[in-house]
Protein chains: 2
Amino acid sequence: MQTGSGDQAARRPHTGRRRNEAARRAILDVVVDLIGRDDDAPVTIDTIAAAAGVGKQTIYRWWPSKGAVLLEAMTERADLDIPPSDTGTLAGDLEAFLRATFRLAGQATMARLLRKVMVEAQLDPQMGEATRSFLARRRSALRGLFERAAERGETAPGTDPDLLVDQAFGVLWYRILVGHAPLTEASAAELAGALTAQAVRRAPGEPG
Amino acid sequence: MQTGSGDQAARRPHTGRRRNEAARRAILDVVVDLIGRDDDAPVTIDTIAAAAGVGKQTIYRWWPSKGAVLLEAMTERADLDIPPSDTGTLAGDLEAFLRATFRLAGQATMARLLRKVMVEAQLDPQMGEATRSFLARRRSALRGLFERAAERGETAPGTDPDLLVDQAFGVLWYRILVGHAPLTEASAAELAGALTAQAVRRAPGEPG
DNA sequence: TACTTGACGAGACTCTTAGTCTCGGCAATG
DNA sequence: CATTGCCGAGACTAAGAGTCTCGTCAAGTA
């Protein structure tokens, strides 16, 4: 996500003052902290910079836009809190994966962060690309579970892993963005069961 | 969606000049037209007013926000182009419903309109409520198909219609917002088959 | 016909916020 | 100890949503 003069390191040895790592951490942490607050305090570049004790230019030196900061804060946590699952069965893998995913995304702070990132992704094409890339990694992780199950011969032939993946993340994002129903671990487990059933069997009369 | 002095009509007979219906239509049509253009012309209140040959105040007299105009333009078309389906079977109803829905939402202009509405819904709580209310109507229409099937005894006991509905609309919105895969009628049909399979049977070992 | 009411187009105005630019200062390298 | 480049601070620009006001126009009422 970093831009700025980072690529000059390839051309010649670095001189001058180095990046302040404490400032980087403060910025990312403050973003999550501000978003997590109950008062709907506006999360603007100015409030982030002020709360992090940092100049605005320090933010723009390392990130191309406000959305990019939000995305990195989000990515950091998502990559952390969702461990790969390998229980040996599709049902087990799927339930573990979706439980962890829904647990994280169901937290109020994380949900708000996800919403903001998705908004920025719609507003700025560069952010759209970056977000798409992050989400592609998440989809790939989930698709892996179905593909392993297919290799084991667990799933019916003709099963479309991409559709199954979109059904899972679709429920997640739809609920986060619309807010008509909560993301609970119970619903994650129920969804896991439904998708397992879908992958393992076919509708009556359908080939395969 | 209208506000302004509309509620005064209840208190006393209307006097003075009436609302210009041609202006209303021009505004809603111009919104769709501007959004549909290939050049990513910004769809701002000023450009809408100018293109519709209307003063900004005329917009704000009848809609509370820009998002509300977008939402009404979207609602108008959605309520129109998705007929209720009643083929007698869940598979048939579901496929007809999802085909019509994906066909409409898959059009470039409509997809962009949906994206913008969803963004506004995230940015403004009042818009969030209005959007939620529209989406609730759409969910209710789809849920009706599953409930009718349940009355016919077509679905397995323990089937959760709300989860099925969220899977369907989840795929739609997820694909629209992320843009990694198109909304085709073929995928609508495939999804309809998958959800039918899910509702009709249960995973092995699960009760019901 | 004359009066009243409220919508109309036009456009100036305020406010918020993202992002840029410039400053004097400071830390790492050589 | 000179150069380089990051630092915090804050002024500045630009875009866009929403408000306010003005003179005008149309639909009823007397």
Side-chain angles (χ1 to χ4, degrees), chain A residues 2-9 11-27 30-31 34 40-71 116 119-127, chain B residues 2-27 30-31 34 40-71 116 119-120 122-127:
Chain A
Q2 290 90 342
T3 61
S5 56
D7 29 8
Q8 294 185 357
R11 291 201 283 277
R12 54 183 159 89
H14 184 278
T15 61
R17 191 173 181 173
R18 304 308 176 76
R19 178 175 193 179
N20 183 350
E21 192 58 28
R24 191 189 102 96
R25 271 260 54 83
I27 291 164
V30 149
V31 160
L34 284 177
D40 43 1
V43 183
T44 69
I45 285 289
D46 286 88
T47 60
I48 293 170
V54 140
K56 291 170 62 173
Q57 193 59 41
T58 298
I59 297 177
Y60 283 107
R61 190 164 9 241
W62 300 107
W63 289 277
S65 66
K66 181 180 107 167
V69 183
L70 301 181
L71 179 60
K116 283 180 192 295
V119 165
E120 297 295 333
Q122 306 306 311
L123 265 29
D124 169 12
Q126 205 176 326
M127 266 300 292
Chain B
Q2 291 90 343
T3 60
S5 56
D7 28 8
Q8 295 184 358
R11 294 202 282 277
R12 56 182 158 90
H14 182 278
T15 60
R17 192 175 180 173
R18 304 306 176 77
R19 178 175 193 178
N20 183 349
E21 192 59 26
R24 190 189 102 96
R25 270 261 54 82
I27 291 165
V30 150
V31 160
L34 285 178
D40 45 1
V43 183
T44 68
I45 285 290
D46 287 85
T47 60
I48 294 170
V54 139
K56 291 170 62 172
Q57 194 58 254
T58 298
I59 297 177
Y60 283 108
R61 192 167 3 247
W62 301 107
W63 289 277
S65 67
K66 182 180 104 166
V69 184
L70 302 181
L71 179 61
K116 283 179 191 298
V119 165
E120 296 295 333
Q122 306 305 313
L123 264 30
D124 169 11
Q126 203 175 327
M127 266 301 290

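All values reported here derive from a predicted model rather than from experimental measurement. Every chain is numbered from 1 and lettered A, B, ... according to where its sequence line falls, protein lines coming before strand lines.
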[X] [atom1] - [N] [atom2] separation (whole Å):
{"X": "A/Met127", "N": "C/dG19", "atom1": "CE", "atom2": "P", "answer": "10 Å"}
{"X": "A/Arg19", "N": "D/dT4", "atom1": "CZ", "atom2": "C1'", "answer": "18 Å"}
{"X": "B/Ile59", "N": "C/dA7", "atom1": "CD1", "atom2": "P", "answer": "16 Å"}
{"X": "A/Lys116", "N": "C/dA18", "atom1": "NZ", "atom2": "P", "answer": "10 Å"}

Tabulate below the donor-acceptor pairs under 3.5 Å that side-chain atoms of residues 48-58 of chain A make, not counting sequence neighbours, or state none.
none

**Report entry** Residue of the set B/Thr47, B/Leu70, B/Ile59 for which side-chain contact (heavy atoms from CB on, under 4.5 Å) holds with B/Val31
**Finding:**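 Answer after filtering B/Thr47, B/Leu70, B/Ile59: B/Leu70.
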Query raised in the report: Reading nucleotides 15-26 of chain D 5' to 3', which nucleotides get B (base under 4.0 Å from a protein heavy atom), which S (sugar-phosphate only), which -?
Result: -SSBBB----BB
Report task. Check for a donor-acceptor pair, side chain of B/Lys66 on one end and backbone N or O of B/Val43 on the other, with a separation under 3.5 Å. Result ->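 Yes, the answer is positive, given that a donor and an acceptor are paired below the 3.5 Å cut-off.
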Requested in this report: Could you walk me through whether A/Ile27 and A/Trp63 pass side-chain contact (heavy atoms from CB on, under 4.5 Å), step by step?
Outcome: CA-CA 11 Å; A/Ile27 291 164; A/Trp63 289 277; 3.8 Å; yes
Query raised in the report: Among C/dT5, D/dG8, C/dA7, which nucleotide sits nearest the side chain of B/Arg61?
Result: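 Of C/dT5, D/dG8, C/dA7, C/dA7 is nearest to the side chain of B/Arg61.
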Requested in this report: Ignoring backbone atoms, test whether A/Thr58 places a side-chain nitrogen or oxygen under 4.0 Å from the OP1 or OP2 oxygen of D/dG8.
Outcome: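 Yes, within the criterion.
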Query raised in the report: Does B/Trp62 have a side-chain nitrogen or oxygen under 4.0 Å from the phosphate oxygens OP1 or OP2 of C/dC8?
Result: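 Looking at the OP1 and OP2 atoms of C/dC8, one of them is under 4.0 Å from a side-chain N or O of B/Trp62.
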**Report entry** Row check, B/Trp62 ring normal vs B/Arg19 NZ/CZ: under 6.0 Å, within 45°
**Finding:**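 Pair B/Arg19/B/Trp62 counts as cation-pi.
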Requested in this report: Using the test side-chain hydrogen bond (donor to acceptor under 3.5 Å, both in side chains), find all partners of A/Arg18 that sit at least two apart in sequence or belong to another chain.
Outcome: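 Result, side-chain hydrogen bond (donor to acceptor under 3.5 Å, both in side chains) vs A/Arg18: A/His14.
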